[in-house]
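Data first, discussion second: the structure below is written as structure tokens.
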Amino acid sequence: MVMHYRSLLLLLWSSLLAAGQSPSEAAIPRITDPASFVNPFIGTTNVGHVFPGATIPHGMIKAGMDTDSPGNHAGYDSNPIYNVTGFSQLHDSGTGGSVPLSNFKVWAYANCTAFERCPPSLANRKLLRKVLSDGSADDFASPGYFSTNLTNGIRVQLTATRRTALHRYTFPSGTTQPRILIDLTNDGQRSSTDPQLIIDPETGRVEGGASFAASFGPGRYRAFVCATFRGDGYSLGKPTEYGVWLNNFPVKGTTDIRQVYYGFQPEMGAIFTFNPAPSADTSIYVRVGVSFISTSQACRTAEQEIPDFDFDRVHKQSRDSWNDVLGRIQVDTADVPRETVELLYSSVYRTHIAPADYTGENPNWRSREPYFDSLYCNWDTYRTLFPLLSLHDPVTFSKIVRGMIDIQKNEGWLPECRGATVQHYMQGGSNADPILGEFYVKFHKHASELGVPALDLYNALLADAEKQPPNWNLQGRQVEVWKDLGYIAQDMFSPGGANTKQVSRTLEHAFNDFSIAQVAKIIGRRNDFRKYLGRAGNFVNVWNANVSVPDEPSIVGMMQPRFADGTWNYTDPRHCSIHDPLKATCFLNAVRRDGFYEGSPLVYSQYVPQDTAKLIELQGGVDAFVKRLDFIFANDYFESTNEPSQQMPFMYHYADKPGLSTQRSRQVIAQYFNTSTHGLPGNDGAMGSYAAFYLAGLYPLPATRQFLLSSPFFKQISFHNPVFKKTATIKAIGFEGNPPDGTGGKVFVGSVTIDGKPWHSNCYIDWDVFEQGSTVDLHLTDDISVSCGTGEDALPPSISTGGYD
Ligand SMILES: *[C@@H]1O[C@H](CO)[C@@H](O)[C@H](O)[C@H]1NC(C)=O
Ligand SMILES: *[C@@H]1O[C@H](CO)[C@@H](O)[C@H](O)[C@H]1NC(C)=O
Ligand SMILES: *[C@@H]1O[C@H](CO)[C@@H](O)[C@H](O)[C@H]1NC(C)=O
Ligand SMILES: *[C@@H]1O[C@H](CO)[C@@H](O)[C@H](O)[C@H]1NC(C)=O
Ligand SMILES: *[C@@H]1O[C@H](CO)[C@@H](O)[C@H](O)[C@H]1NC(C)=O
Ligand SMILES: *[C@@H]1O[C@H](CO)[C@@H](O)[C@H](O)[C@H]1NC(C)=O
């Protein structure tokens with residue numbers, strides 16, 4: 001993929017010397033068009049499943065190209081060997097499971113010899129893209145825009161507002177019968193039932209809808225479409241030919257699917273022939289409104305959002321909205337390659353693709369509250385995605401929280417996984433809890449002005465914590481077992497849910513309760529605080545001190561499955577790692593259900609963010625803990641692609657060896673992340689925010705006021721927070737660039753000052769920095785043996801050392 005930079009980077013010297021600044025503190029050049037550093041194609045082949053099409057930040061509409069790649073979860077695959085099947089309106093980005101959405105593809109024909117000879121079915125219409133001289137596909141993408149050239153000579157351009165897509169099809173010179181198809185039924189899973197479709201032969205307007213399968217759960221959803229056409233620079237007039245199509249046959253003159261529908265048909269839609277432009281090449285706009293409520297709502301929002309079919313205006317507005325959100329993070333680009341800046345802004349960009357703002361499109365109940373969907377699973381996002389929103393996009397964060405609380409009020413429990421308006425399967429515990437906790441711990445002083453009533457938030461948390469749902473696999477937790485035993489026993493079934501992931505869910509439930517404790521503390525519920533902080537310590541109940549890694553007896557003590565009577569089952573610590581002799585996986589569809597989800601017992605033996613000090617004690621002290629971390633990295637137990645491993649490179653901090661964390665986290669970036677289409681190690685999920693934190697030299701501890709501290713990949717990075725109206729800046733004093741393989745370099749934090757005063761730790765900073773808009777000076781050294789400091793509170797907090805009292 002070649003990135004064409006439409007506009008050169010504009011480096012404006014913003015007000016050179018603000019009052020009171022000394023000349024040496026002259027402002028660095030402000031990046032005014034950060035969108036120009038975004039490469040949407042990162043991770044668009046080779047299982048990244050990234051969506052590179054046109055969308056606004058958190059937009060419902062994600063208009064993009066669909067291919068017949070086996071990895072077309074986001075529709076697209078940048079590998080040009082795959083055929084293009086259409087340009088559809090809804091996508092997710094970076095997911096696994098079954099292919100989500102990809103509804104309502106649009107397609108264009110330049111030269112079928114007759115209306116009836118245009119091949120409408122997916123298999124018969126598909127085509128390759130043009131290929132550039134370097135072998136990459138002739139595709140271009142930038143925030144809010146996508147374009148391609150098909151081998152039939154048609155150029156396709158896409159842009160979007162929140163609920164409406166605008167497509168532009170430019171036909172080859174001399175095209176006399178430009179034709180356009182709307183595909184009603186072929187979503188990503190080809191799962192439609194119950195189609196309805198009506199064509200207006202006067203205007204060419206298409207209204208329709210169908211029911212489709214959810215991608216990661218048992219439910220189905222209905223979606224509706226309203227498509228209208230306009231000539232670019234000429235009056236299109238009435239379509240010269242029109243009709244419904246069925247499988248591979250256009251039926252000329254039909255206007256209603258019921259005229260041709262006589263039972264289940266896998267493929268159907270509408271097809272038109274239009275007048276060409278009288279002079280010059282023909283371009284036709286297709287405006288596609290989508291709704292989860294009704295066709296009339298799809299038509300109404302399309303008319304409101306894009307009344308003028310003005311492609312350039314919509315594109316500019318979309319890009320402006322991206323620059324607004326991306327520009328709140330600023331870096332000094334001096335002394336780093338352009339690729340590093342691209343990696344940062346592209347990672348932040350992907351953080352804002354999902355969750356998606358479906359406000360006004362919730363078919364399940366009426367509410368004035370925001371409604372966000374495409375939550376991935378909260379298990380994926382609580383660790384880094386929401387903490388990144390805390391730094392620079394708290395208003396969006398507050399709306400997502402409001403939407404989650406509204407779901408709890410209407411469904412009884414907070415959502416976990418959710419997509420296409422329906423519940424999806426559970427991954428961890430009830431991981432909305434740390435998301436609400438993150439919001440409340442950081443923004444409680446502003447919660448009511450942001451529309452989040454403290455009591456509603458707290459009651460929603462208590463519902464997760466205390467109320468057994470009919471099916472924990474779709475919402476809530478396995479509450480009764482958790483309350484009775486303090487762990488999820490391997491031999492105790494709760495109604496509904498499948499009997500899996502008992503050990504990893506125990507660890508998640510403990511962390512979920514930790515985040516509830518942090519909220520209870522702020523609102524002054526002392527008894528609840530003690531209760532939930534106590535439950536946050538329940539991870540010890542699945543710690544079996546006698547299990548060691550086969551052939552490595554010195555690494556002893558492991559998280560293990562346990563029966564209700566207190567006796568233990570055994571899962572090989574190598575389970576579902578690359579060293580697993582049984583080659584088992586621990587994904588949702590795993591054949592062997594050995595208690596763990598997307599991480600080996602060895603990985604989970606390092607997964608207690610709320611009390612790492614206790615883990616160190618259980619493992620036999622600091623040396624054993626460091627030895628275990630080293631063993632995990634040296635033997636590839638660390639899994640860059642799966643969330644339970646994400647904190648691990650930073651965990652040397654807790655052993656007072658922050659230099660090792662800095663080096664490990666930089667090695668992870670060097671080894672697994674780059675700006676190529678292969679630049680992600682696995683499904684993107686929330687990896688954008690994880691990479692962005694590593695590049696910023698921070699790792700968040702969700703639902704707390706602390707961030708683990710390393711050094712940024714830039715001389716300076718700043719975060720503007722629109723709720724506090726403050727900008728926090730982290731400066732790397734003595735910065736000399738980043739070692740390409742992440743090893744060594746003058747990158748280690750020797751000492752820290754905040755607003756000119758010495759800070760008591762080199763290993764973490766507090767939320768106050770962002771609340772007050774402080775300047776953090778990191779004095780760098782090339783000495784990897786730096787420490788966290790000498791004072792009592794130099795190490796990052798843990799429950800058992802009194803850190804969260
Ligand atoms: C692309 O589609 C064409 C036409 O159907 C077909 O001949 C070709 O084999 C397809 N290519 C791939 C990689 O599927
Ligand atoms: C497609 O072709 C047009 C010229 O017809 C060109 O301007 C454009 O750069 C090409 N590539 C893309 C991705 O639009
Ligand atoms: C349609 O047009 C394309 C591009 O001009 C050309 O390559 C192709 O052969 C044409 N197909 C037919 C059936 O005429
Ligand atoms: C570990 O082994 C010792 C000695 O055999 C035994 O006393 C202890 O109960 C075992 N602990 C666990 C958790 O199985
Ligand atoms: C004990 O673990 C084994 C291996 O994971 C598993 O097959 C078995 O079902 C477990 N026993 C029970 C009673 O859950
Ligand atoms: C990017 O990373 C992938 C996967 O690790 C690797 O195959 C590729 O060569 C890297 N590309 C560049 C330009 O470094």
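Note that ligands are numbered from 1 as they come in the structure, with each ligand's atoms numbered from 1 the same way. What you see is a predicted model, and the numbers here were worked out from it, not measured in a lab.
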So does D565 have more than 12 non-hydrogen atoms from other groups sitting under 6.0 Å from CG?
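Yes, because the 6.0 Å sphere around CG of D565 holds more than 12 heavy atoms from other groups.
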S192 side, atom OG; N103 side, atom CG - distance, nearest 0.5 Å:
9.5 Å
Among residues at least two apart in sequence or on other chains, which ones pass salt bridge (charged side-chain N to carboxylate O under 4.0 Å, His left out) with R179?
E241
Show me which atoms of ligand 1 lie under 4.0 Å from any heavy atom of [X].
| X | answer |
| --- | --- |
| K126 | 2 (O), 5 (O) |
| N83 | 1 (C), 2 (O), 3 (C), 8 (C), 10 (C), 11 (N), 12 (C), 14 (O) |
| I81 | 12 (C), 13 (C) |

Any N or O on N569 sitting closer than 3.5 Å to an N or O of ligand 5?
yes
Using a 4.0 Å heavy-atom threshold (strictly under), name the region of D491 that reaches ligand 5: side chain, backbone, both or neither.
neither
Establish, yes or no, whether the cationic atom of R562 lies under 6.0 Å from the six-membered ring centre of W543 and within 45° of the ring axis.
no
Does the separation of the ring centres of Y637 and H579 fall below 6.0 angstrom?
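Close enough - the centres of the two rings lie under 6.0 Å apart.
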Would you say the ring centroid of Y694 lies under 6.0 angstrom from that of F650?
yes
Any donor-acceptor pair under 3.5 Å from Y376 side chain to G94 backbone
no
Can you say whether the rings of F633 and F638 are parallel (under 30°), tilted (30 to 60°) or perpendicular (over 60°)?
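Correct class here is tilted.
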Could you pull out every N or O of ligand 6 that sits under 3.5 Å from a protein N or O, with the distance for each pair?
{"residue": "ligand 6", "atom": "2 (O)", "partner": "N674", "partner atom": "ND2", "Å": "2.3"}
{"residue": "ligand 6", "atom": "11 (N)", "partner": "N674", "partner atom": "ND2", "Å": "3.0"}
{"residue": "ligand 6", "atom": "14 (O)", "partner": "N674", "partner atom": "ND2", "Å": "3.2"}

